[in-house]
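Both counts, for ligands and for their atoms, begin at 1 and track the order of listing.
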Amino acid sequence: MTSYRNRMLSGMSTSLDRQRRFLGTLVNEPLSVGALAPSSRRLADHMAVDIVPGSRVIELGAGTGSLTRAILDAGVEPSDLLVIEQNEAFSEMLRKRFPGIGVITGNALGLNRHAGALPGPADFVVSGLPLLLFTPGRKLRLLYQVFSVLSEEGAFHQFTYGGRCPVERAVLRRLGLEATLLRFTPMNLPPAFVYRLQRCR
Ligand SMILES: C[S@@+](CC[C@H](N)C(=O)[O-])C[C@H]1O[C@@H](n2cnc3c(N)ncnc32)[C@H](O)[C@@H]1O
């Protein structure tokens, strides 16, 4: 009983530590974090929709690991998950929290250089990047790379707090992509929308 209680308490303090670390980074680097709090578990599950055991996944902007947890809980092997996070303290936290996954400390716009760390083309790229703060040109560069590392049927999942797709129509058209609203997640701070981008069929 005591050890169960201790485990619960240590789990709670870990989660509190993550919240604290997230808030500290938000205060110091608001434009790179772009969120008030880590994603809720419900949003994380919505971002992991259709990810199954055997999927190869790249996660961009993993923060303290809310989406990472849901991706692994969907049955993805740690060796099939590669995470790119630019903040060093978050990357270190991710390495400790999820042994066996690939963690690159770097810019998601350098994705092409790192994707070879996976054993094959990715099935999903899951992004927690604050895309609303990216210029259209930066989104174009990012998505060009994303779709060069995804398999033919692969999908890009992105959440946003705005009620519309955070990627402009012109950018989608240029890359031959279509966007679908997958989920609305009211149980998140703030409520979020999950979009899926895929090649037009
Ligand atoms: C909105 S937070 C999302 C964190 C986490 N995925 C979640 O859902 O709780 C955005 C994260 O993206 C990271 N980030 C922002 N721009 C980035 C970039 N260009 N390359 C890699 N990571 C980036 C930030 O450091 C931060 O951890």
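A salt bridge links Glu153 to Arg201: one of the charged nitrogens lies within less than 4.0 Å of a carboxylate oxygen. Between Asp45 and Arg41 there is a salt bridge, since at least one side-chain N of the basic residue sits less than 4.0 Å from a carboxylate O of the acidic one.
Ligand-side atoms of ligand 1 in range of Gly128: 1 (C), 2 (S), 3 (C), 10 (C), range being under 4.0 angstrom from any heavy atom. When each atom of ligand 1 is checked for a heavy atom of Pro38 under 4.0 Å away, the hits are 9 (O). Within the listing of ligand 1, atoms 8 (O) sit less than 4.0 angstrom from a heavy atom of Phe159.
Between Phe90 and Thr64, the closest side-chain pair of non-hydrogen atoms falls below 4.5 Å.
For Gln86, a nitrogen or oxygen atom sits less than 3.5 Å from a nitrogen or oxygen atom of ligand 1, counting backbone and side chain alike. For a threshold of 3.5 Å applied to N or O pairs, the pair formed by Phe90 and ligand 1 contains no separation below that value.
Selection from Arg18, Arg69, Glu85 by nearest heavy atom to atom 26 (C) of ligand 1 gives Glu85. Comparing Gly63, Ala108, Ser39, Ser66 by heavy-atom distance to atom 20 (N) of ligand 1, the nearest is Ala108.
Proximity of Ala44 to ligand 1, defined as any heavy-atom pair under 4.0 Å, is not found for any part of the residue.
Residue contacts with ligand 1 include Asn107, since one of its heavy atoms falls under 4.0 Å from the ligand. Between Gly106 and ligand 1 there is a heavy-atom distance shorter than 4.0 Å.
For the residue pair Ala179 and Cys165, the shortest heavy atom distance occurs at CB-SG, 3.8 Å. The shortest non-hydrogen separation linking Ser66 to Pro38 is OG-CB, 3.5 Å.
In summary, of the residues considered (Leu142, Thr160, Leu60), a side chain to side chain contact (heavy atoms under 4.5 Å, CB included) with Leu131 occurs for Leu142 alone.
Ring pair Tyr195/His157: centre-to-centre distance not below 6.0 Å.
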